[in-house]
Amino acid sequence: MERGKENHQVREEEKANNSSVSFSALRKDVANVLDFMERLQNEEVIDVDLIEKLKLNLTFICTYVQLSYFDLEQFEDIMTGKRQEVKNLLQPILDDDENNVGCEYVLAILACNVDDCISLHHRSKSDATITDEQLDFLLLNLHHLSKYRAEKMFPLETQYEVLQNVCGNMRMIRLMQTLAERVGHFLWEDHIDKDSKLSEIDEDDQTDENSQLSELDKNDQTDENFQLSELDKDDQTDENSQLSELDEDDQTDEDGRLSKLDKNDLTDEDSELSELDEDDQNDRDSRLIKLAHLLLKIVPTELEFLHICYTNLKASTSVEIGLFIKQLLETSPDILREYLIHLQEHMVTVTTPSTLGARNIHVMNEFLLIILSDMPKDFIHHDKLFDLLALVGALIKEVSTLVRDLEEKFRNKESTDETNRATLKLPENIDLLKEDLKHVYLKVPDSSQCCFPMSDGPLFMHLLQRHLDDLLDSNAYSIALIKEQIGLARVLDVAYEAKDDIDSIIVRDNGLLHLIFSLPITIKKIKLIKEEDFDLHEKIPKNIDLIVVNSPKKPVESKSLTTEKIIVGFEEETKWIVRKLTGGPTDLDVISITGMPGSGKTTLAYKVYNNKSVSSHFDLRAWCTVDQEYDEKKLLDKIFNQVSDSDSTLSENIDVADKLRKQLFGKRYLIVLDDVWDTTTWGELTRPFPEVKKGSRIILTTREKEVALHGKLYTAPLNLRLVRSEESWELLEKRAFGNESCPDELLDVGKEIAENCKGHPWVVDLISGVIAGREKKKTVWLEVQNNLSSFILNSEVEVMKVIELSYGHLPHHIKPCLLSLASSPKDTTISILNFKVLSSAEGFMEKTEMKSMEEVVKIYLDVLISSSLVICFNEIGDHLTFRLHDLVHDFCLIKARKEKLFDWISSSAPSDLLHREITIDYDDEEQFGLNFVLFGSNKKRHSGKHLYSLSINGHKLDDHLSDTFHLRHLRLLRVLSLDPSFIMVKDSLLNEICMLNHLRYLRIGTQVKSLPLSLSNLWNLEILLVDNEESTLILLPRIWDLVKLRVLVMTACSFFDMDADESILIAEDTKLEKLTLLGQLLLFYSKDTEDILKRLPNLQLLQFELKESWDYSTEQYWFPKLDCLTELEDLTVRFISSNINDSRPSAAINRPWDFHFPSNLKTLSLSEFPLTSDSLSTIARLPNLEEFSIYDTIIHGEEWNMGEEDTFENLKFLNLHQPTLSKWKVGEESFPSLEKLKLRACRKLEKIPPSFGDIYSLKIIKLVKSPQLEDSALKIKEYAEDMRGGDKLQILGQKNIPLYK
């Protein structure tokens, strides 16, 4: 037995010796090959690029021959491949008979030794012994492999630069074999990942990548020559002499400490890393996550090394030591800063950030990052720099230990009380270091003067006030350093100085100077002003208009583009256009309406478009608003959808012009092209319109007479006249007083105002908006009259002055909301929900305890609508939407750019990103570097200092570029929208985003399966929108940490994972009290569902899909009890059947649902539900229901019999979409308040119940794909007109085309 062990040991020793001999021989062979190549290069026989490629491959081979005792994946295949690459690179020389003398022999020996080294790689790690010389050679090789990745392969990823610097510093440490092994293992896996990606790249790309080495400068070449040649004795002596100043005791002490570190700390970290690897198997494909984990493990050793160097080398006078310390000072701040950033991101993924201990650590991290970011700058005393670096290193080491303790205790579910107590001294350390920075380390800066960045002082002060209020309300870690100072920064004179200081600290832009000097000085100014009881009002310039508008008068009810405006005049013009449309030649003709902006062109065109005789005359009609910046395909798509039954966008490869031509051919059509700017546009859009003799017409509106004349066929253009004075007064009086008459005292001044509107209907509208919101006093009206009388109003510039006047009379807190609407393209309709969500997230809306957000939004919109600066659309059954008039859009865009509120840029346009809000259209991958380099993690400029909102959309970002996309430096971001079409967010970027803890609004696309722990770090998040089409995202338990969340919308989400074994425990008082909107939930039967819903007490809008869950005890489907949601107003539910072929569906159809809806419900939409008349009766009893829609619904027996008790008391809109309904019995009082009935694809229903004719409130019956119901609908209209008189009931078809007998 003993002899067998001895024999095994002898064999292993021989194997190790053989490996050592083979490696030594390999090093000599490599040196010989390179010497031979250098000679050929000097003789200019061989290309430099070839030598560089050869060096890189030989470096790789030497590195992994040394690390061959590792169980490296695909070792033999990859190393054999590298050997073949070396042979291929040398083949041209072998083929050159004149210059290959000795080359065949050298190459054969090299190949043989490589094979020997590969064959000996199956050694035990415990037998791996590396001498100091071999370790230095290994570290040098690793340094150059990481350098190649940092400079050539991934120049925008600073993690590789940090790795390169760490490897360079490790060369000074003689016992760092374990660290070298880790780095080598990572680079090996990185190489495997790269090879797998290269297989998808064409040969040209591979050639480009291989040639990257040709750009290495001479210094790099010299360095790599040294790497791959025998280390000559002088160089070795030089390098080893860097520590020669240490006496023997110090050297022994250093070796002992590093040896202890190597054996103990690194062993512990290895075990932790292995556990981490098990937990992160899903992240194995993420190169950056692996690299981050590697840096988290090896940088603590760098800290230990930094401490040893500071202790032992500080007093040295050696030139070599001085150069080494200089290198250390240059590289260490970047290494430590990157380490802290990764530590932060790692920490929020493994610990709960809300604990006191975690919070103290994060605040200390923020402080240290501010210092490290400013270390390379010249305002730190140079002779104190090493001292400061050592002090920071010691604090980082302390923080690292605390993080490790917290992580371990969270993982083991142990108490963290002891660690939390240990963090209590961190704030004390911050205060002490602040004092040292001020008095010891920092140079006192020169005083500087801040200037207002905006020309509109009151607007700036409002936004500044909102910004400071939001920061006070924020729980961001960087704010903890300066929260007291923010609370004081409310005095207007110095408020901007405070803002500049605060923002600079948060984004780490000269943060040290602002934290230690500027901000304290600013706060002293503020305190002095407060002590002197300074009268702020005396400081406001007298010429600034600060009139506060009273609560706005409720605007006239807005129903559509036409009824929103009170139309007067143009009766003769209307009749003339109608005659031209319905009479005249059978050939295609164009009726053009020209006039300056605001003259009423669009209003007149819309009036005749909806004229009864016109709409009945044409087979097909379409309306299309063009504008200056248009997309031809989208506009033709829009026209096609209006003249066909299609509601979807045609695919990219379909010729939409050809489809449209075929659809129009043989028909009498009317097309309106509104706001065409040039003749080229006219030609492109009219190309598909067939010129057949059917009497078809095109209405063209344009402000350019040239366009109208260019489009003329038979009819001369109509140059729209100005409205007469009496028409202007009629319009102004109706807008200002509604149905009432103007008081006599205002009559004269009112008519003068109307006269000074110079006949422009829209100017009358704007001025009406100004006076409607102000007191009805003669002095007030005279002020408006005096301002208006100075305008000539014969050009767009003059009309802009009227818009300026109207804008100037808005309350200051509403102005930024109006300007922000121009961030959308022209003619974009904006929903109330989007307006509310974005305006509040941007910080434009004032929050008040007295009013809900919905009430605040209503007040803001009432003011904007009554001012006539926005156009409102409010069709029955549709959500309220609005848009800006073209000229108002132009005005707002100019104003917003001037005040640096927002801008649009393309990815190819250079930008310094100084605006408050930026929208980027990613349009050209080749120009990526000009703009997107701003998002690289190694970005030095602080262009995001004032950036609060960032939206990016456009083409998909290629995978090889997505890893260079970083957002961590945009630390003031409140709004972030990354369109899924542009990028799907992976784990590494998601972790970065979760460090932006000022975010209020986040929209991303991702494929994660559950909300990550790091999301808990977004303390201030209010709106979360996630596109996760390929998975159902699990919300619990992370969702409870987002206590400020108001809106949560995902493609698909569920409270919990139904496949999970463990149930989630929820604390008794856990609630999301601010959440008002939630969708799209997937609900299964669970006893916990209703308990979770009760914790959302203020939910107002809910959307969910109900997975079929049959309750055998009641013979019914399960439906959650929703009556606990007392604030719920809008509910959308889709039923998902399991399609199991058994008796349950038929049984369900015969059984009513056990619905428990909240009584406050106003809007209800049910899809694909099997329903009975009894179930519908339950819904009818909802007292506040105003809108009810059912889609693709199976109604039992195909009958809906409504009894006397089935009364929808307040229902205004009923929508039936493809129900299985053939008989419908309606009582006289079933729908007493109904205004609109919409029936789509009701193919089995024979007629509409005639009792609908008795509903006096009914205004619209709309029929889509239900031709058999037209006769009964028209009979109801005829009966209603006989009973009520007039023409108050409209019968509409698809695309809102009126139907007549």
Engineer: What pairs with R1095 under salt bridge (Lys or Arg N to Asp or Glu O under 4.0 Å), at least two apart in sequence or on another chain?
Structural biologist: D1091
Engineer: Any luck finding a side-chain donor-acceptor pair between N1020 and K1044 under 3.5 Å?
Structural biologist: yes
Engineer: Just jot down the salt bridge (Lys or Arg N to Asp or Glu O under 4.0 Å) partners of E1105, sequence neighbours excluded, or say none.
Structural biologist: R1134
Engineer: Could you go through M347 and H362, starting from their C-alpha distance and side-chain angles, then the distance that decides it, and tell me whether this counts as side chain to side chain contact (heavy atoms under 4.5 Å, CB included)?
Structural biologist: CA-CA 9 Å; M347 189 175 169; H362 279 298; 3.8 Å; yes
Engineer: State whether the side chain of N1098 and the backbone N or O of T1076 hold a donor-acceptor pair below 3.5 Å, judged by distance alone.
Structural biologist: no
Engineer: Quick check for you: to the nearest 0.5 Å, what is the distance between K1071 atom NZ and K1094 atom NZ?
Structural biologist: 11.0 Å
Engineer: For Y1191, what residues pass the side-chain hydrogen bond (donor to acceptor under 3.5 Å, both in side chains) criterion, not counting sequence neighbours?
Structural biologist: N1215
Engineer: Is there a side-chain contact between V985 and L978 in this structure, where contact means two heavy atoms from C-beta onward sitting under 4.5 Å apart?
Structural biologist: yes
Engineer: Pairing donors with acceptors under 3.5 angstrom, does anything connect the side chains of S1016 and R1038?
Structural biologist: yes
Engineer: Residues two or more places apart in sequence or in another chain: which of them pass side-chain contact (heavy atoms from CB on, under 4.5 Å) with C817?
Structural biologist: F835, S839, F844, M845, Y860
Engineer: Could you tell me whether a side-chain N or O of E1090 sits under 3.5 Å from a main-chain N or O of K1121, the two making a donor and an acceptor?
Structural biologist: yes
Engineer: Apply side-chain hydrogen bond (donor to acceptor under 3.5 Å, both in side chains) to N365 and list each qualifying residue two or more places apart in sequence or on a separate chain.
Structural biologist: none
Engineer: For side chain to side chain contact (heavy atoms under 4.5 Å, CB included), just list the numbers for L1101 and L1099, CA-CA rounded to whole Å, side-chain angles, deciding distance to a tenth of an Å, and then say yes or no.
Structural biologist: CA-CA 6 Å; L1101 189 153; L1099 205 60; over 6 Å; no
Engineer: Among all residues two or more places apart in sequence or in another chain, which pass the salt bridge (Lys or Arg N to Asp or Glu O under 4.0 Å) test with D1192?
Structural biologist: none
Engineer: Carefully, step by step, assess R1046 and S840 under the rule side-chain hydrogen bond (donor to acceptor under 3.5 Å, both in side chains).
Structural biologist: CA-CA 11 Å; R1046 293 191 295 107; S840 60; 2.5 Å; yes
Engineer: How would you list, by chain and number, every residue that makes a side-chain contact (heavy atoms from CB on, under 4.5 Å) with K638, sequence neighbours excluded?
Structural biologist: Q642
Engineer: Side-chain contact test, heavy atoms from C-beta onward, threshold under 4.5 Å: evaluate it for L999 versus Y1001 and give yes or no.
Structural biologist: no
Engineer: Are any of the side-chain heavy atoms of L990 and P1012 separated by less than 4.5 Å?
Structural biologist: yes
Engineer: Indicate the ring-plane relationship of F1157 and F1119, choosing parallel, tilted or perpendicular according to the 30° and 60° boundaries.
Structural biologist: perpendicular
Engineer: Could you work out, with ring-ring contact (aromatic ring centres under 6.0 Å, His included) as the rule, every residue matching F1135, not counting sequence neighbours?
Structural biologist: Y1117, W1153, F1169
Engineer: Sequence neighbours excluded, which residues qualify as side-chain hydrogen bond (donor to acceptor under 3.5 Å, both in side chains) partners of T1006?
Structural biologist: none
Engineer: Which pair of non-hydrogen atoms, one from D1027 and one from P980, has the smallest distance, and what is that distance?
Structural biologist: CB-CG, 3.5 Å
Engineer: Going by the salt bridge (charged side-chain N to carboxylate O under 4.0 Å, His left out) test, which pairs reach into residues 1006-1016, not counting sequence neighbours?
Structural biologist: none
Engineer: Measure from NZ or CZ of R1000 to the centre of the six-membered ring of W1019 and say whether it is under 6.0 Å with the direction within 45° of the ring axis.
Structural biologist: no
Engineer: Holding to salt bridge (Lys or Arg N to Asp or Glu O under 4.0 Å), I want the full list of residues that pass it with D1130, two or more places apart in sequence or in another chain.
Structural biologist: none
Engineer: Mind checking side-chain hydrogen bond (donor to acceptor under 3.5 Å, both in side chains) for S981 and listing every partner two or more places apart, or none if nothing turns up?
Structural biologist: D979
Engineer: Under 3.5 Å, is there a donor-acceptor pair between the side chain of N1028 and the main chain of V1008?
Structural biologist: no
Engineer: Stepwise, does the side chain to side chain contact (heavy atoms under 4.5 Å, CB included) test hold for E1022 with K1074?
Structural biologist: CA-CA 9 Å; E1022 296 178 4; K1074 296 189 177 183; over 6 Å; no
Engineer: Is the backbone of E1129 close enough, under 3.5 Å, to the side chain of N1160 for a donor and an acceptor to pair up by distance?
Structural biologist: no
Engineer: Does L1122 form a side chain to side chain contact (heavy atoms under 4.5 Å, CB included) with F1155? I'd like the steps, not just the answer.
Structural biologist: CA-CA 8 Å; L1122 302 176; F1155 288 135; over 6 Å; no
Engineer: Hey, does F1055 have a side-chain heavy atom less than 4.5 Å from the side chain of I1034?
Structural biologist: no
Engineer: Checking N1017 side chain against C994 main chain: does a donor-acceptor pair fall under 3.5 Å?
Structural biologist: yes
